Amino acid sequence: MTQVPSYDPAVVEARWQERWARERSNEPDLDRPARPFYNLMMFPYPSAEGLHVGNMFAFTGADIYGRFKRLHGYDVFEPIGFDAFGIHSENYALSVGTHPAKLIPQNIETFRRQLKRFGGMFDWRQELSTTDPRYYRWTQWIFLQLFNAGLAFRKKAAVNWCPKDMSVVANEQVIHGYCERHPDTKVEQRFLEQWFFNITRYAERLLKNLDRLDWSDSTRTLQRNWIGRSEGAELIFETPAGAKIPVFTTRPDTVFGATYLVLAPEHPLVDQLTADEQRRQVNAYRRDVQGKDLVSRRVGDKTKTGVFLGSYARNPATGEAIPIWIADYVLMEYGTGAIMAVPAHDRRDFEFATQFSLPIREVVRAAEPLPSVTEDGVLVNSGEFDGISCRDAQRRIVDWLRAKGLGAPQVQYRLHDWCISRQRYWGPPIPIIHCDRCGPVGVPEQDLPVELPFIEDFRPDASGVSPLARHKEWYFVKCPQCGAQGRRETDVSDTFLDSAWYYLRYPSTEFDDRPWDPKRTATWLPVTSYIGGNEHAVLHLLYSRFVTMVLQELGHVAFEEPFPKLRAHGLIIKDGAKMSKSRGNVVIPDAYIQKWGADTFRMYLMFLGPFQEGGDFRDTTIVGIRRFLEKVWATVHEAAGLTPGTPGSRPGSGLSPAVERKLHETIQKVTADTERLDYNTAISAMMEYVNLLREQGASSRAAVEPLLIMLAPYAPHLAEELWALLRHEDSIFHASWPSYDAKLAAAGDVEIAVQVNGKVRGRVTVARGASEAQVVAVALRDESVRKFVDGQPVKKTIYVQDRLLNFVV
RNA sequence: GCCGGGGUGGCGAAAUGGGUAGACGCAAGGGACUUAAAAUCCCUUGGGGGGUAACCCCCGUGCAGGUUCGAGUCCUGCCCUCGGCACCA
């Protein structure tokens, strides 16, 4: 055997990265692709810390899939960009005292270097950054499309206010009532004029479409829960004075047990319904609640508080007068902001009734102690509906009340309208001009972008007004409609608006006169495959779907779902915990790539667990992957020294039957597993194959070439290097994925387990596809089997082809 | 509380239209090579027991039951754990 040169990943990887860049290998023909495949991954936020191992895990998994598709002859477009606006970046800039406009380009530069180093098949021509005016011009344009369609509106609303960020944050960014970014800072309730997108209008469609999307179930479930559809009824409770109080309930069958009403403290009818002698108490309570943040209102299982209004309403079922209360456990944002309280069959109502000694009337017979919330019971104390099951009663009671004009079926969603206003600096200004005469007026499209002015002191303050208001030349502007003095909107938009459309921009980044080119868009979109984490299951993915739906309605795109196929990858954790800066367990990949090489590191990440489940980062096992690649290196070098017709090789395939069978089996498994993103088991299969080649000394061109192609998505640099060693001029990515012969893969003998009464008592080797009779004959010759059958009559024989034979005696 | 994942060797994990549990990798132990070490290669490795030996037996996939010739896989009831939502009526 000739001396094999050692494998030096640094040299190999630099060589191929340089060559891919020089030959523009990763740049498909965007205008005339034969078989376009848009391979998308979630673009990163360019943090100062650089790309972390979680990003690399996600990108590697997506990149493998893209390269796999390329080897199947697709023109794969794999773009990358940077989600660089937002409070993340701004806060970091504040903490280090550098302007984000200076900081972000540096961070992006670092990310670019890292993304190139790990060997992603990125088309750098189409790189984008959301902070580029050439990009956010169109973010603003999208805002205007929604504004003109009446889907963007201003509303004074209770919003989540983070005192640290000094800004409104979306419900989605409030975690258990605390700020997502400042886990020790409680979010407060404030009332501000905000811009909202009317996403709730699309709730039903967003929910329904999920059924026909090819998405990971985990992601779909998260979105379904987030949209939170509830079916029930709206029931009307009338006051003696004739005021109607609508309530939403999912349990209209329990209406006979409604012994009091509770309104949210902010409910518009409260003033009117408050009796004079209760007014002082009511007002005090309302002030108290307002002073509190939305958060502590939402913390469960605290003692209930509330005040009686001093007035009554009629239960539409029983006709009796029941007291009306206000309490902060009822939320104005959900349903009608008022509930009928059925303390016998609702835990919260029960707590409240107990606290304030309100009557509790059981209307569903139940074995358990109250409150029992079962839906499987039978009604009692419910007049003519006694004895009817809850399920039937739900329909019948609503029909009955409806006939009296006191109720109707109703559907509610948990989803709220999307508040996109941010009183911050680092984002695209909302393209609106406020005019005293005309109201809010959209900036004319030809005046876009409304550039974010450079403001040295971009710190937010507690006024609730964006720093942009302090830039007077920018702030004052003529009304585009009437020409009078107007003022610019000083809020910037939520980062999630930036990322809600970036996939539309990628194929068209070079066009400055349109957000996306119609032809390019028709060619590449919707996205063929989207791979990303479930941390974006409800925010980014829901907003993107919403924006696309609206754009489709307005005729700007031809499809309503941007991501027909989506796969969620798992999470990389460290020492059993999520990686985070505060825990200090964030792994930065650079050192690992330097030590082991990108190919080894990529494969290590894919081997540490199932891609779609994630796993614990434990670097002790990297060496196993390195050993595997060294074996491949050695085997291919040996093969390269051989010429066709070497002794020991068969004419034709040049492979021994055992190697040939294993090869076909391996191709079959690697193909199926890679398609399913089961990368860990695909790698195992390649390892088994290489182990066999080493065992049998069976290195030959015919044995290793298919292996290299299968390995190419996983370890692209090494595969290229060894492919060239085998005297291929062309890149391995111009080769085509090996095919397999299922019959060949399944050829040869099989070992069959022979059971007696379900316990394995012996193993026999027979030709694959052997008949039951043949196997029984062989099995009964087995001494151990005979011992257990022991002359007893065989009552029954169960045969599973090629797997198992079971004698029941 | 509600909605989802998931509990398999010392460790990461394979195997689910029910059919040989532990593939592949790490670690560990033993051996070869070496002055030595590293690297590499070979052997062993779920637990327990038996045999001079090729081998053989019992137990084993969170717990308790069930269905079945046969259960990691299906059913019932629990326990633990991770993620999401959470006073959503």
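Numbers restart at 1 for each chain; the letters A, B, ... are given by sequence-line order, proteins then strands. Because the structure is predicted, anything quoted here is derived from the model rather than measured.
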Taking N or O atoms only and anything under 3.5 Å, show me the protein contacts with nucleotides 1-8 of chain B, one pair per line.
| unit_1 | atom_1 | unit_2 | atom_2 | d |
| --- | --- | --- | --- | --- |
| C3(B) | O2' | Asn225(A) | ND2 | 3.3 |

P spacing across the pair U81(B) / U67(B), given as an integer number of angstrom: 32 Å
Is a side-chain N or O of Arg286(A) found less than 3.5 angstrom from the main chain of Pro265(A), in a donor-acceptor match? yes
Report the residue (Gly609(A) or Ile683(A)) whose heavy-atom-nearest nucleotide on RNA chain B is the more 5′ of the two. Gly609(A)
Any side-chain N or O of Arg763(A) below 4.0 angstrom from OP1/OP2 of U20(B)? no
When rounded to whole Å, the CG to P distance for the pair Leu331(A) and C85(B) reads 16 Å
Taking all heavy atoms of Arg229(A) and all of Glu204(A), pick out the closest pair and write down the distance. NE-OE1, 3.1 Å
When rounded to the nearest Å, what value does the distance between P atoms of A14(B) and G1(B) take? 31 Å
Let's test this: given Watson-Crick or G-U wobble pairing with both distances under 3.5 Å, identify the partner of U40(B). A32(B)
Assign Arg618(A) to base, sugar-phosphate, or nothing according to its heavy-atom contacts below 4.0 angstrom with the strands shown. sugar-phosphate
Counting only side-chain heavy atoms from C-beta out, which of A21(B), G84(B), C24(B) sits nearest to Met687(A)? C24(B)
Is the closest side-chain donor-acceptor distance between Asn691(A) and Lys631(A) under 3.5 Å? yes
Closest to the Pro610(A) side chain: C26(B), G25(B), A13(B)? A13(B)
To the nearest Å, give me how far apart CG (Leu692(A)) and P (A23(B)) are. 17 Å
Mark yes or no for whether Tyr285(A), through its side chain, and Thr305(A), through its backbone, hold a donor-acceptor pair below 3.5 Å. yes
Where the side chain of Ile798(A) is defined as all heavy atoms beyond and including C-beta, which of C69(B), G25(B), U20(B) is the nearest nucleotide? C69(B)
Could you tell me how far apart Gln801(A) (CD) and G17(B) (C1') are, to the nearest whole angstrom? 17 Å
Do the side chain of Gln223(A) and the main chain of Ala537(A) share a donor and acceptor less than 3.5 angstrom apart? yes
Sticking with atom P, work out how far A23(B) lies from G46(B), rounded to a whole angstrom. 8 Å
With a non-hydrogen cut-off below 4.0 angstrom, is Asn757(A) in contact with a base, only sugar-phosphate, or nothing? sugar-phosphate
note: Met686(A), atom CE; A23(B), atom C1'; distance rounded to Å ~ 15 Å
C1' atoms of G70(B) and A21(B), separation to the nearest Å: 14 Å
What integer number of Å spans the P atoms of G4(B) and C74(B)? 15 Å
Within the 4.0 Å heavy-atom criterion, would you say Thr797(A) contacts the bases, only the backbone, or no part of the nucleic acid? nothing
Can you tell me the Watson-Crick or wobble partner of U76(B), both distances under 3.5 angstrom? A64(B)
Touch check for Phe788(A), heavy atoms < 4.0 angstrom, all strands: base, sugar-phosphate only, or nothing? sugar-phosphate
Check: C87(B) base within 3.5 Å donor-acceptor of Lys304(A) side chain: yes
Which one is paired to A13(B), where only Watson-Crick or G-U wobble pairs with both distances under 3.5 angstrom count? none
In whole Å, what separates the C1' atom of A89(B) from that of U8(B)? 43 Å
Specify the closest pair of heavy atoms between Trp226(A) and Leu542(A), including all atoms of both residues, with the distance to one decimal. CD1-CD2, 3.7 Å
Atom C1', compared across G29(B) and C78(B): separation rounded to whole Å: 40 Å
Under a 3.5 Å cut-off for both distances, is G1(B) Watson-Crick or wobble paired, and to whom? C85(B)
Can you tell whether the side chains of Arg567(A) and Asp214(A) come within less than 4.0 Å, N to carboxylate O? yes
Interatomic distance where CZ belongs to Phe807(A) and P belongs to G19(B) [whole Å]: 20 Å
Just checking Asp349(A): base, sugar-phosphate only, or nothing, at a heavy-atom cut-off of under 4.0 Å? nothing
Pair Glu351(A) + Arg347(A): basic N to acidic O under 4.0 Å: yes
May I ask you to say what Asn680(A) touches in the nucleic acid, namely base, sugar-phosphate or nothing, with a heavy-atom cut-off under 4.0 Å? sugar-phosphate
Stepwise side chain to side chain contact (heavy atoms under 4.5 Å, CB included) test for Lys759(A) and Phe788(A): CA-CA 10 Å; Lys759(A) 291 201 177 216; Phe788(A) 281 91; over 6 Å; no
So what does Lys795(A) touch, heavy atoms closer than 4.0 Å: a base, only the sugar-phosphate, or nothing? nothing
Nearest of A14(B), A86(B), A89(B) to any side-chain atom of Arg414(A)? A86(B)
Could Glu665(A) and Lys662(A) be called an ion pair, given the rule that one side-chain N must be under 4.0 Å from one carboxylate O? yes
Assigned glycosidic conformation for G9(B) [threshold 90° from 0]: syn
Separation of atom CD in Glu333(A) from atom P in A89(B), rounded to whole Å: 13 Å
Using whole Å, report how far NZ of Lys759(A) lies from P of G60(B). 8 Å
Whether Arg391(A) and Asp376(A) form a salt bridge (side-chain N of Lys/Arg under 4.0 Å from carboxylate O of Asp/Glu) is what I want to check. yes
Hey, does the side chain of Trp633(A) reach the backbone of Pro5(A) with a donor-acceptor pair shorter than 3.5 angstrom? yes
P atom, G83(B) versus G66(B): distance in rounded Å? 36 Å
With both distances kept under 3.5 Å, what pairs with A23(B), Watson-Crick or G-U wobble? none
Do Asp678(A) and Lys669(A) meet the salt-bridge criterion of a basic N to acidic O distance under 4.0 Å? no
Which whole-number value in Å describes the distance from Arg768(A) CZ to U20(B) P? 14 Å
Can you list, by residue number, the residues of residues 624-633 of chain A that have a non-hydrogen atom closer than 4.0 angstrom to RNA chain B? Gly624(A), Arg627(A)
Between Leu804(A) and Gly614(A), just flag the one whose closest nucleotide in RNA chain B comes earlier from the 5' side. Gly614(A)
By nearest atom, which of the nucleotides C69(B), C58(B), A89(B) is closest to the Arg761(A) side chain? C58(B)
Val808(A) side chain, from C-beta outward: closest of G19(B), C69(B), A13(B): C69(B)
